[in-house]
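Here is the structure we will look at, set down as structure tokens.
Any value given below was found using the heavy atoms of this structure, including those in side chains, with hydrogens, waters and symmetry copies removed.
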Amino acid sequence: MVGLIRPWTGAETRALRDARRMSLRQFAAHLGVNERLVSKWEAGGDEITPRPVNQEALDTSLARLTADESARFTELVPPEAIGNDRDIDAFSQPPRTRHPVDGKWIIWIPEGVYLSGPQDKPEWVPGFWIDTFPVTNRDYSRFVAATGYTPPRHWPDGCPPPEIDEHPVVWVTHDDATIYAQWAHKRLPDSLEWEKAARGTRGNMYPWGNQATPAKCNVRGSGPGKTTPVDNYKSGVSPFGAFDMCGNVWEWQASETTGGRYELKGSAFTSPFDRAAPAAHNDADHTMCDDDTGFRCATFDLNE
């Protein structure tokens with residue numbers, strides 16, 4: 001592990017970017033800042049003074065360099081600057097592909113820092129894949145047909161009505177969601193992963209930005225009072241390309257709060273808009289089952 005024994009310099013900031021072989025835009029998104037700020041740092045001379053949140057982002061990025069990247073970094077900075085006192089996502093269109101098991105569209109969320117929770121705490125999240133859309137009734141019906149699993153209670157004769165095929169599946173417990181994820185060779189996302197996919201790296205209050213716009217999601221008061229197709233609210237898409245991260249249905253998370261209770265994210269068509277911010281907290285017992293709760297899946301490796 002490499003580290004710096006004194007405050008960052010402009011040259012060291014540029015060396016870190018070059019070591020990672022990132023463009024200015026990619027590096028800014030990776031750190032969760034704007035390009036102009038990175039340019040200011042790189043031109044800053046012998047010592048720069050980033051805010052603590054940005055200092056932590058630089059330190060964490062340095063700590064996460066691969067062996068080859070570390071070698072490139074140490075070639076670009078003076079040997080006396082190397083020490084052990086400090087531990088070492090682009091907003092361009094992310095990679096998207098079909099998952100090989102359940103066939104759902106899935107998007108790549110690159111490793112890096114994002115601003116988490118109501119206090120915008122910087123959190124480093126490793127890279128991962130997440131479903132572009134919540135699991136739909138059509139998706140879940142393939143799982144039921146393949147495994148013989150008990151269908152949700154709102155399906156007449158054990159099959160979803162065609163008019164709700166592309167709506168998110170509901171009436172599923174945390175246990176049901178976990179079993180589907182295992183069948184699909186995926187897992188439920190933890191709350192940090194889900195929130196990063198929703199907010200992007202720059203800490204947007206909502207997937208679409210910081211403007212409170214209830215019309216961009218299916219919540220109580222602006223929606224139709226029931227679930228809608230998962231691709232219905234195209235203006236509410238997140239910076240990474242994830243849909244329905246606000247409204248439509250609450251989504252089960254892998255993150256346990258207390259014994260047997262798990263986080264829920266995103267709010268639902270039954271919820272007021274002020275519950276929709278991705279940083280907001282909610283949880284429920286793993287056996288909870290309702291008409292406004294569904295899920296999406298994540299994975300580190302498409303070949304798991």
Side-chain angles (χ1 to χ4, degrees), residues 1-4 7-44 48-77 81 86-96 106-117 120-130 189-205 207 209-210 237-242 245 278-279 298-301:
M1 179 184 300
V2 300
L4 297 177
W8 284 82
T9 68
E12 288 157 353
T13 305
R14 178 58 189 266
L16 180 60
R17 177 161 72 88
D18 288 345
R20 286 189 168 275
R21 292 181 173 168
M22 288 180 169
S23 68
L24 186 67
R25 185 182 186 209
Q26 290 171 328
F27 190 59
H30 169 74
L31 296 175
V33 300
N34 61 52
E35 297 171 42
R36 185 175 299 177
L37 189 56
V38 173
S39 294
K40 180 180 177 181
W41 291 343
E42 291 185 357
I48 59 176
T49 56
R51 291 188 302 144
V53 61
N54 296 330
Q55 180 71 58
E56 185 171 346
L58 287 163
D59 291 345
T60 304
S61 182
L62 188 63
R64 298 279 178 159
L65 293 179
T66 66
D68 287 345
E69 290 168 343
S70 293
R72 287 197 291 270
F73 179 79
T74 55
E75 287 177 0
L76 294 167
V77 296
R86 183 185 294 147
D87 289 336
I88 318 252
D89 8 92
F91 274 86
S92 57
Q93 185 63 30
R96 188 177 85 145
I106 195 165
I107 51 176
W108 176 248
I109 311 298
E111 69 168 4
V113 173
Y114 88 102
L115 301 181
S116 167
D120 287 342
K121 178 184 176 183
E123 293 280 0
W124 182 278
V125 177
F128 64 98
W129 295 91
I130 193 168
D190 67 38
S191 59
L192 293 180
E193 291 172 331
W194 191 98
E195 187 184 346
K196 180 177 179 178
R199 299 180 69 186
T201 60
R202 299 183 185 182
N204 290 344
M205 185 172 293
N210 293 313
V237 68
S238 83
F240 291 112
M245 303 301 270
T299 184
F300 290 120
D301 186 353

Can you tell me how far apart [atom1] ([X]) and [atom2] ([Y]) are? Round to the nearest 0.5 Å.
{"X": "Ile106", "Y": "Ile130", "atom1": "CD1", "atom2": "CD1", "value": "8.0 Å"}
{"X": "Met22", "Y": "Leu16", "atom1": "CE", "atom2": "CG", "value": "8.5 Å"}
{"X": "Thr13", "Y": "Lys40", "atom1": "OG1", "atom2": "NZ", "value": "12.5 Å"}
{"X": "Arg14", "Y": "Phe27", "atom1": "CZ", "atom2": "CZ", "value": "10.0 Å"}
{"X": "Lys196", "Y": "Ser116", "atom1": "NZ", "atom2": "OG", "value": "11.0 Å"}

Under the 3.5 angstrom rule, does the side chain of [X] hit a backbone N or O of [Y] as a donor-acceptor pair?
{"X": "Tyr114", "Y": "Leu192", "value": "yes"}
{"X": "Asn210", "Y": "Asn204", "value": "no"}
{"X": "Arg199", "Y": "Leu115", "value": "yes"}

Mind checking what makes side chain to side chain contact (heavy atoms under 4.5 Å, CB included) contact with [X], not counting sequence neighbours?
{"X": "Ser238", "result": "Pro207, Phe240, Ala242"}
{"X": "Ser39", "result": "Leu24"}
{"X": "Ala19", "result": "Arg72, Phe73"}

Could you pull out all donor-acceptor pairs under 3.5 Å where a side-chain atom in residues 121-128 meets a protein atom, sequence neighbours excluded?
none

Using the salt bridge (Lys or Arg N to Asp or Glu O under 4.0 Å) rule, pick out the option among Glu35, Glu12, Glu42 that qualifies with Arg17.
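When Glu35, Glu12, Glu42 are each tested with Arg17, the salt bridge (Lys or Arg N to Asp or Glu O under 4.0 Å) holds only for Glu42.
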
Got a sec, which residues hit side-chain hydrogen bond (donor to acceptor under 3.5 Å, both in side chains) with Asn34, two or more places apart in sequence or on another chain?
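By the side-chain hydrogen bond (donor to acceptor under 3.5 Å, both in side chains) rule, Asn34 matches no residue at all.
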
List in chain and number order the residues that pass side-chain hydrogen bond (donor to acceptor under 3.5 Å, both in side chains) with Trp194, two or more places apart in sequence or in another chain; answer none if no residue qualifies.
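Applying side-chain hydrogen bond (donor to acceptor under 3.5 Å, both in side chains) to Trp194 gives Glu251.
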
Least distance between heavy atoms, Trp129 atom then Phe300 atom
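Distance-wise, the nearest heavy atoms are CD1-O, 3.9 Å.
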
State, to 0.1 Å, how close Ala198 and Pro239 come at their nearest heavy-atom pair, and which atoms those are.
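So the two residues come closest at O-CD, 3.7 Å.
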
Salt bridge (charged side-chain N to carboxylate O under 4.0 Å, His left out) assessment of Glu111 paired with Arg20:
CA-CA 12 Å; Glu111 69 168 4; Arg20 286 189 168 275; 3.5 Å; yes

side-chain contact (heavy atoms from CB on, under 4.5 Å) between Ser61 and Leu31: does it pass, once the steps are laid out?
CA-CA 8 Å; Ser61 182; Leu31 296 175; 4.1 Å; yes

Residues in salt bridge (Lys or Arg N to Asp or Glu O under 4.0 Å) contact with Asp190, at least two apart in sequence or another chain
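Per chain and number, Asp190 pairs via salt bridge (Lys or Arg N to Asp or Glu O under 4.0 Å) with no residue.
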
